[in-house]
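Written below as structure tokens is the structure these notes are about.
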Amino acid sequence: MVDYEVAVIGAGISGIAAVKCFRDKNLSVVCLEKSDDIGGLWNFTENGYGVMRFTHINVSKQNYVFSDFPFSDDVPDFPHHSQLIKYIKDYASHFKLRKHIWTNCMVVNIKQLSNGLWKITFDKGKYNEREGQQSITVRNVSIATGHHSNPHIPKIPGEESYTGMMYHSIRYKCAATSGIPSGKRVLVVGMGNSAVDIADNLVTQGQSHVDISARSPTWVFSPYVLGCPVDHYATRGLYLLPLTIVEKIVQTLICVLLGLPKQWGIYPLSSILRSQPTVSHTLYHHIQRGKISIKPDIASLGPGKKVTFNDGTAAWYDGIILATGYTFGLPFLGKSDREHILTGVNEINLYKNVFSPRFGQSLSFIGFIQPSSGGLVTMSEMQARWVAELVSGNIVLPTPSEMQTSINQDRQWERSWYYNSKRLTVQKIPILYNDELAEMIGCKPNIKKHPTLAWNLMLSVSAFQWRLDGPDKWEGAEEMVRRIKPTPFYHYSTLFVLTLAIFVVLGILKFVFSQLF
């Protein structure tokens, strides 16, 4: 007996998108969420998993939005987490998704039966009030627990002799509750977005002096470039150019506007598009004022509060915050299944980051991907739409061998392009990735069908563009695509190039005709 066509694991932003896409196809769906509310990491709590008290999203709302549910106009470009969780909950309420979501359900086992169905066993009830295990049987499982599951806590030589406070950034909510007294010296390990946000908060609220230890220093962008959100420049038109040319253009622009990274004591290990950039409008400001310094990787800790760095220098810190990221966790899958999917450190053996060749469409992964620029939402939603079309029987997957060949090819390209880091094993370019899946679904924007939108489709960003055509198109998509204009830089520079090209062509034609006649 089948209880549901699809079970979604996790009611974060990716899981909610999946529930919506399955309901669009009139599929029976249940979503199992281990916490007592929806929203995943955007649901702020004083303790445990989730955003920090001061977190603003570092992706613009035009790039971190469901494709048929715009933000209200009064929400700023980079919303606070309270605005984002309200948006997520409004989306769930608007599309009547909550009745399909079971909270306080901790999944403990997912197993495929001999008949191809999946049995899901879960503990029902709050963490300290478990009501016992229950199970359901479904045809398809979509796992949307994401890749921020297990905190990565590195082993550091001498850590047992360090006497200061040290913990992972998952526990950090703000300077006032950090456990580190105001005015103390703090070391933040890591240079991703969370690390830099924590350093800024410790300086501004905690009045601390902060050093950032960066094993893999990265490029730092301002949230705004030439008056527009930085992710508004990652457009379809830009990626018509070869990636090496795109890289030179972006790197030159950032260096002209912000200066060379070495001016700020930052020495990136790769060029600008081969790693995950950090977005901050305050880091350079604090470095310039002597509030934050950049240090190399840690060589050892202790004795006492001493930290020795790889360059031989040492300093003493009252606290260390490990903003060292996360690793994948799929504890509810059997060992054999898990090892087939997780084939290395943060490395997944999934076709287009969604399907395992072993299980095909019956087991999918939503949100196991990292955008190189822009937000996760559009990518998770596109993945969910793809899965929903497959489960509905409207399209089919390639054969297992074809999927594995594609996985190997994608992995080879990624290893040749991206810097060798566990942070980059699931990184994709959103506009190119979404277009690839949209073409399979049949919802890739057709410029020939929308000639009046061609300028915006090529030179601006918009999640709504993938609702113009194909299955589950949205009647409000065209208006939203029109509203999100290209950046002035793109608009006028492209006009200049086109005008120049026209004059060059006319000049060539004039010369040719003068020679002929």
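Computed from a predicted structure; not experimentally measured. Along the sequence shown, residues are numbered consecutively beginning with 1.
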Next item on the list: Decide ring-ring contact (aromatic ring centres under 6.0 Å, His included) for Tyr224 and Phe78; before the verdict, give the C-alpha distance in whole Å, the side-chain angles of both, and the deciding distance to 0.1 Å.
Entry: CA-CA 10 Å; Tyr224 286 92; Phe78 297 93; 5.4 Å; yes
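- Among residues two or more places apart in sequence or in another chain, the side chain to side chain donor-acceptor pair (under 3.5 Å) test is passed with Lys86 by Asp90.
- Under the rule for a ring pair (Phe, Tyr, Trp, His ring centres under 6.0 Å), His450 has no partner lying at least two apart in sequence or in another chain.
- With a 4.5 Å cut-off on side-chain heavy atoms, Thr487 and Leu226 do not count as touching.
- A distance of 8.0 Å separates CD1 of Ile484 from OG of Ser60, quoted to the nearest 0.5 Å.
- Under 4.0 Å is where a charged nitrogen must lie from a carboxylate oxygen, and between Glu414 and Lys428 at least one such pair does.
- In terms of modelled atom types and a separation under 3.5 Å, the side chain of Thr55 and the main chain of Val51 share no donor-acceptor contact.
- Taking CG from Asn394 and OG from Ser392, the interatomic distance works out to 5.0 Å, rounded to the nearest 0.5 Å.
- Under the 4.0 Å criterion applied to side-chain N and carboxylate O atoms, Lys89 and Asp37 are assigned as salt-bridge partners.
- Between the CG atom of Asn456 and the NE2 atom of His491 there is a distance of 10.0 Å, given to the nearest 0.5 Å.
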Note to self: ring-ring contact (aromatic ring centres under 6.0 Å, His included) for Tyr326 and His152? Distances and angles first, verdict last.
What the structure shows: CA-CA 5 Å; Tyr326 298 81; His152 171 63; 9.5 Å; no
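- Note that CD1 of Ile369 and OH of Tyr433 are 4.0 Å apart. Values are rounded to the nearest 0.5 Å.
- Donor-acceptor pairing under 3.5 Å is lacking for the side chains of Ser169 and Ser194.
- Of all heavy-atom pairs between Tyr418 and Ser275, the closest is CD2-N, 4.4 Å.
- The aromatic rings of Trp413 and Trp417 sit parallel, their planes meeting at an angle under 30°, below the 60° perpendicular limit.
- In this structure, Lys485 NZ and Ser462 OG are separated by 12.0 Å, a value rounded to the nearest 0.5 Å.
- Shortest non-hydrogen contact noted between Cys21 and Ala388 is O-CB, 3.7 Å.
- Residues meeting the salt bridge (Lys or Arg N to Asp or Glu O under 4.0 Å) test with Glu402, sequence neighbours left out: none.
- Across all their heavy atoms, Ala18 and Ile366 have their closest contact at CB-CG1, 4.5 Å.
- In this model, a donor atom of one side chain and an acceptor atom of the other lie less than 3.5 Å apart for Thr452 and Arg482.
- Considering Arg385, Lys473, Arg467 as possible partners of Asp68, the one that fulfils the salt bridge (Lys or Arg N to Asp or Glu O under 4.0 Å) test is Arg467.
- Ile212 and Ala199 make their closest contact through CD1-CB, 3.9 Å (heavy atoms, listed as atom of the first residue, atom of the second, distance).
- Listed by first then second residue, pairs satisfying ring-ring contact (aromatic ring centres under 6.0 Å, His included) with a partner in residues 229-258 read Tyr233-Tyr490, not counting sequence neighbours.
- For the side chain to side chain contact (heavy atoms under 4.5 Å, CB included) test, no residue two or more places apart in sequence or in another chain qualifies with Val396.
- Residues forming a ring pair (Phe, Tyr, Trp, His ring centres under 6.0 Å) with Phe54 (at least two apart in sequence, or on another chain): none.
- Within 6.0 Å of atom CZ in Arg411, more than 12 heavy atoms from other residues, nucleotides or ligands are found, so the atom counts as buried in its surroundings.
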Item checked: Worked verdict on Leu258 versus Val220 for side-chain contact (heavy atoms from CB on, under 4.5 Å) -> CA-CA 9 Å; Leu258 301 178; Val220 179; 6.0 Å; no
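- Counting only residues at least two apart or in different chains, salt bridge (charged side-chain N to carboxylate O under 4.0 Å, His left out) contacts with residues 223-245 comprise Arg236-Asp435.
- Among residues two or more places apart in sequence or in another chain, the ring pair (Phe, Tyr, Trp, His ring centres under 6.0 Å) test is passed with Trp386 by Tyr351, Phe355.
- Taking the side chain to side chain donor-acceptor pair (under 3.5 Å) definition, one finds that Ser208 meets it with nothing, sequence neighbours left out.
- Scanning for ring pair (Phe, Tyr, Trp, His ring centres under 6.0 Å) contacts around His94 gives Phe69, with sequence neighbours left out.
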When the side chains of residues 281-294 are checked against the rest of the protein, which donor-acceptor pairs come out under 3.5 Å, sequence neighbours left out?
residue, atom, partner, partner atom, Å
Thr282, OG1, Asp200, OD1, 3.2
Thr282, OG1, Ser280, OG, 3.4
His286, NE2, Asp200, OD1, 2.7

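- Closest of all the heavy-atom pairs between Gly146 and Phe328 is O-CD2, 4.3 Å.
- When all heavy atoms are compared, the tightest approach of Ile57 to Leu84 is CD1-CD2, 4.1 Å.
- Checked for salt-bridge contact, Glu436 and Lys444 miss the test: no charged N lies under 4.0 Å from a carboxylate O.
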Checklist line | Evaluation steps, side-chain contact (heavy atoms from CB on, under 4.5 Å), between Leu468 and Leu453 | finding: CA-CA 10 Å; Leu468 288 169; Leu453 298 177; 4.0 Å; yes
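- When only modelled atom types and interatomic distance are considered, His209 and Asp211 share a side-chain donor-acceptor pair under 3.5 Å.
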Notebook entry, point to check: Do Tyr91 and Phe95 pass the ring-ring contact (aromatic ring centres under 6.0 Å, His included) test, and can you show the C-alpha distance, the side-chain angles, and the key distance before you say yes or no?
Noted result: CA-CA 6 Å; Tyr91 175 83; Phe95 291 108; 5.1 Å; yes
Check: Given the rule in the ring-ring contact (aromatic ring centres under 6.0 Å, His included) test, do Tyr64 and Phe71 qualify, once you have shown the distances and angles that lead to the verdict?
Finding: CA-CA 10 Å; Tyr64 203 91; Phe71 276 96; 8.0 Å; no
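- When the salt bridge (Lys or Arg N to Asp or Glu O under 4.0 Å) test is applied to Lys173, no partner is found at least two apart in sequence or on another chain.
- A distance of 4.0 Å separates CG of Asn434 from CH2 of Trp466, quoted to the nearest 0.5 Å.
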Margin query: What verdict does the side-chain contact (heavy atoms from CB on, under 4.5 Å) test give for Leu260 and Tyr267, after you've listed the backbone C-alpha separation in whole Å, the side-chain angles of each residue and the deciding distance to 0.1 Å?
Written below: CA-CA 9 Å; Leu260 295 172; Tyr267 296 87; over 6 Å; no
